[in-house]
Amino acid sequence: MRIRQNVGILLTAALTVGLVGCGGNGNNGGNTSNNASNSANSSSSNSSSNSSNSSNSSNTSSNSNSSNTSSNTSSGEIGTVDNLKITAFNWGWDNADPAKDVVLPELTKRLGMKNLTYDVIKTGGYDDVVQKLQLWASTGGSDWPDIVTTGSDSRTKLILNNLGETGKLEDLTPWLEKYPNVKKAVEKLLPFTSDPHDGKIYSIAQNFSNMQAYAIDQPTIWIRKDWLDKLNLPLPKTVDDLYNDLKAFKEQIKDVNGQPVIPYAAFGENFRNMIKLFFPPDQNDGTGVWYTDADGKPARSDVSQPENLIRALTFYNKLYNEGLIEKEAFTLKQGQIDEKGNQGRYGAVHGAYWEQANPFTDSIKKTDPKAEFVGVQLYDPSIASGPSLPKFRLEAWSLWAVKAGLPKEEVNTFFKTLDYVLSEEGTILTKYGLEGQQWERNAGGKIVDTKAFFDETQGDWNKRAHFGIDVYSFIPNYDALIKNQAPSGYELRQDMIETWQNLGSKFPTEYVTDPQRYVEPGDAENKATVGQSERYKQMVAKAVTAKNPDDIKKLVLDWGKNVKALGYDKIVAEREESAKSIHLENLK
């Protein structure tokens, strides 16, 4: 179960309104709140009485909303409105089908509203989202939607904070005080969403990670346990153990159905590798990842620790020269890797469980019932005394922002909506649908799909979304999800159970607490690192295929010199200043 295959799993696609990498959010191009539902891009615009009457029910502006208060404000209490519009972006997944949607009409009814409109703008990608936000901001915020969920990347945060500082977005601090349940849900994320200049809160997390909800889904490597068993070899613990296992696969397993064994699927189109294993924990996760060094300064391990990068590339060079990874490793498309993996030719692979390990196992089992990839966590004895679990990086994937100057009743209705969705009742509705129709409880009291709903959707996220499932989970209540959701089929798989046993834990046990892992790239860094990721890959490819150790050493040292020549010291100063606004005391 996963949130759009982000991080790891316990919860199936739990919240989707604004996932970065899967759902940034916004409004309908030039259509402002005065034209809520008649956009061709709008996919969900429903009323509680009839989900198909959206075009009539949602043509409400912020002015008409503000006049329809549902409670008496003479006592000092802030009233609510009957009509509320929320806008979001989408660039590639399905939304609710008004003819099938059961969640939005029910949610609208439970909130006591006439119309809750969810307006979706489809774009080609997240860059298009940022461009739309920039366009809206360039007009002084006049086209900005009343209530919008956006991505949480550095560009978007800068836009939101600039609008907030100029009075175009609401400071949400007082509303969080009024709604303590909402504040509690996002409190750990506030250091990342507060404006670094004035300390105000112009956006709050809409969808975010949670350490207790995301099982470790990507160990160091997945390896064919059935091959190890056949050769009477234990699971590897170190990189040296892995080398010996790969060599044994090549020499003793030899072939699969007449095709030669490929001991290890490394690199390829998605550049999967374990180079970070040759660095101290938390100090490398690929090029461009920064950490705080012993002197308290920002540092990048591929530049500051050349000896470790040399050792990592020398290890891969050895595998390459001995035929333990493919000669075409750096030119393989993912489709080519998948084909060989499904044929059962690989002995070890990388990635999250859903990318290669489980699909390969399932394909191979059709002809070899004992086939099984299991995950293990390795370590390099040169720099570690044992394996370490991945640490958990707390992050917001998407953000809510509210336009300044809206009637208080409208903002209050929005927060009331968040508050309800955060309740256990609201969580169950938005996450699972209606009892008896989409879900029921099993013998253990946990929520599972009804047979009819599963037969219709087959667990497919997009098909479930047509019914509104997971579409309106505007803010997560992980405690309620963990309490109610039955284990998924994935969690009951023997290969996954063995993997977590190998790791010693199903979940991460510590947060990432290095402030440099939370600093957003600034202007100097963005300018200096254009194209750097591709150049890094080219350097790695040259080193792995190099003819002698001296070539590897020269490539790494030249790499560090070139990075420094492009303004490394300026980036260090920029990051050092930015880290001052990162407060992680609540994670320690």
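Note: hydrogens, waters and symmetry copies are ignored here, and every other heavy atom, side chains too, is used.
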- Message: By the salt bridge (charged side-chain N to carboxylate O under 4.0 Å, His left out) test, which pairs, at least two apart or in different chains, include something from residues 161-178?
- Response: Glu177-Lys183
- Query: Are Thr150 and Tyr126 close enough, and set up right, to give a side-chain hydrogen bond (donor to acceptor under 3.5 Å, both in side chains), and what steps lead you there?
  - Reply: CA-CA 10 Å; Thr150 74; Tyr126 191 67; 5.2 Å; no
- Is any NZ, NE, NH1 or NH2 atom of the basic residue among Lys506 and Asp217 found under 4.0 Å from an Asp or Glu carboxylate oxygen of the other? no
- How many angstroms lie between CG in Asn210 and CD1 in Ile482, if you round to the nearest 0.5 Å? 5.5 Å
- Query: Can you name the side chain to side chain contact (heavy atoms under 4.5 Å, CB included) partners of Ser138, sequence neighbours left out?
  - Reply: Leu135
- Show your working on side-chain hydrogen bond (donor to acceptor under 3.5 Å, both in side chains) between His197 and Asn161 and close with a plain yes or no. CA-CA 9 Å; His197 300 123; Asn161 287 333; over 6 Å; no
- Message: According to ring-ring contact (aromatic ring centres under 6.0 Å, His included), who are the partners of Phe415, at least two apart in sequence or on a separate chain?
- Response: Trp175, Tyr179
- Message: According to salt bridge (charged side-chain N to carboxylate O under 4.0 Å, His left out), does anything in residues 155-164 pair up with another residue at least two apart or in another chain? List the pairs.
- Response: Asp127-Arg155, Asp153-Arg155, Lys157-Glu520
- Residue pair Asp101 / His466, side-chain heavy-atom distance below 4.5 Å: no
- Message: Assess the residue pair Leu394 and Phe192 against the criterion (side chain to side chain contact (heavy atoms under 4.5 Å, CB included)); give the C-alpha distance rounded to whole Å, side-chain angles, the decisive distance to 0.1 Å, and a yes or no.
- Response: CA-CA 10 Å; Leu394 186 67; Phe192 310 121; 4.0 Å; yes
- Task: Any chance you could lay out the side-chain hydrogen bond (donor to acceptor under 3.5 Å, both in side chains) test for Trp222 and Glu355, step after step, and finish with the verdict?
- Result: CA-CA 11 Å; Trp222 301 88; Glu355 294 172 312; over 6 Å; no
- Check whether any side-chain heavy atom of Lys188 lies under 4.5 Å from a side-chain heavy atom of Tyr511, and answer yes or no. yes
- Starting from the C-alpha separation in whole Å, work towards a yes-or-no answer on side chain to side chain contact (heavy atoms under 4.5 Å, CB included) for Lys463 and Asp94. CA-CA 8 Å; Lys463 291 178 180 178; Asp94 290 5; over 6 Å; no
- Message: Salt bridge check, Asp198 against Lys200: does any charged N sit closer than 4.0 Å to a carboxylate O?
- Response: no
- Query: What residue among Asp82, Thr108, Asn83 forms side chain to side chain donor-acceptor pair (under 3.5 Å) with Asn115?
  - Reply: Asn83
- Close side-chain approach of Asp146 and Leu84, heavy atoms under 4.5 Å: no
- Item | Asn342 side chain to Asp338 backbone, donor-acceptor under 3.5 Å | yes
- Message: What's the separation between atom OG1 in Thr413 and atom NZ in Lys85, rounded to the nearest 0.5 Å?
- Response: 15.5 Å
- Rounded to the nearest 0.5 Å, how far does OG of Ser152 lie from CG of Leu399? 5.0 Å
- Message: The criterion is side chain to side chain contact (heavy atoms under 4.5 Å, CB included); which residues satisfy it with Ala205, sequence neighbours excluded?
- Response: Val186, Leu189, Phe208, Ala396
- Message: Less than 3.5 Å apart, any donor N or O on the side chain of Tyr420 or Glu425 sitting next to an acceptor on the other?
- Response: yes
- Where the side chain of Lys431 meets the backbone of Ile469, is there a donor-acceptor pair that is under 3.5 Å apart? no
- Is the NZ atom of Lys446 crowded by more than 12 outside heavy atoms at less than 6.0 Å? yes
- List for me each residue that meets side-chain hydrogen bond (donor to acceptor under 3.5 Å, both in side chains) alongside Asn484, sequence neighbours excluded, and say none if there are none. Glu424, Arg441
- Message: For Arg517, is there any backbone N or O sitting under 3.5 Å from a side-chain donor or acceptor partner on Arg393?
- Response: yes
- Quick one: ring-ring contact (aromatic ring centres under 6.0 Å, His included) partners of His350, sequence neighbours excluded? Tyr264
- Query: What distance do Lys365 atom NZ and Phe360 atom CZ have between them, rounded to the nearest 0.5 Å?
  - Reply: 15.5 Å
- Passing candidate, side-chain contact (heavy atoms from CB on, under 4.5 Å) with Gln438, options Thr457, Val102, Asp449: Val102
- State, yes or no, whether a side-chain contact exists between Ile86 and Asp119 at a heavy-atom distance under 4.5 Å. no
- Message: For the NZ atom of Lys100 and the CD atom of Glu456, what is their distance to the nearest 0.5 Å?
- Response: 5.0 Å
- Query: Can you check whether Thr427 reaches Ser473 side chain to side chain, under 4.5 Å on heavy atoms?
  - Reply: no
- State whether a side-chain donor-acceptor pair under 3.5 Å links Tyr202 with Asn162. no
- Message: Closer than 3.5 angstrom, by distance alone: can the side chain of Asn412 be matched with the main-chain N or O of Gly79 as a donor-acceptor pair?
- Response: yes
- Query: Would you say Thr450's side chain and Gln437's backbone share a donor-acceptor pair under 3.5 angstrom?
  - Reply: yes
- Message: Suppose we screen for ring-ring contact (aromatic ring centres under 6.0 Å, His included). Which residues come up paired with Phe453, at least two apart in sequence or across chains?
- Response: Phe467
- Any side-chain heavy atom of Thr156 within less than 4.5 Å of one from Leu133? yes
- Please tell me if the side chains of Ile447 and Gln485 come closer than 4.5 Å, counting only heavy atoms from C-beta onward. no
- Just by distance, do the side chain of Asn477 and the backbone of Leu422 share a donor-acceptor pair under 3.5 Å? yes
- The side chain to side chain contact (heavy atoms under 4.5 Å, CB included) partners of Asp128 (sequence neighbours excluded) come to Thr123, Gln131
- Between Glu187 and Lys184, is there a salt bridge with N-O shorter than 4.0 Å? no
- Applying side chain to side chain contact (heavy atoms under 4.5 Å, CB included) to Asn270 and not counting sequence neighbours gives Arg272, Gln334
- Message: I want to check something: taking the side chain as every heavy atom from C-beta on, are Val471 and Thr430 in contact at a cut-off of under 4.5 Å?
- Response: no
- Message: Run the side-chain hydrogen bond (donor to acceptor under 3.5 Å, both in side chains) test against Asp479 and tell me which residues pass, sequence neighbours left out.
- Response: none
- Query: To the nearest 0.5 Å, what is the distance between CD1 (Ile201) and CG (Leu169)?
  - Reply: 13.5 Å
- Looking only at atom types and distance, does a side-chain atom of Tyr518 sit under 3.5 Å from a main-chain N or O of Glu395, one as donor and one as acceptor? no
- Message: Checking the side chain of Ser423 only, and the main-chain atoms of Gly426 only, is there a donor and an acceptor separated by less than 3.5 Å?
- Response: yes
- Query: Excluding sequence neighbours, so at least two apart, what forms ring-ring contact (aromatic ring centres under 6.0 Å, His included) with Phe414?
  - Reply: Trp400
- Looking only at atom types and distance, does a side-chain atom of Trp500 sit under 3.5 Å from a main-chain N or O of Ile216, one as donor and one as acceptor? yes
- Query: Which pair of heavy atoms, one from Tyr478 and one from Tyr214, lies closest together, and at what distance?
  - Reply: OH-OH, 2.9 Å
- Query: Has the side chain of Asn526 got a donor or acceptor atom that lies under 3.5 Å from a matching backbone atom of Gly522?
  - Reply: yes
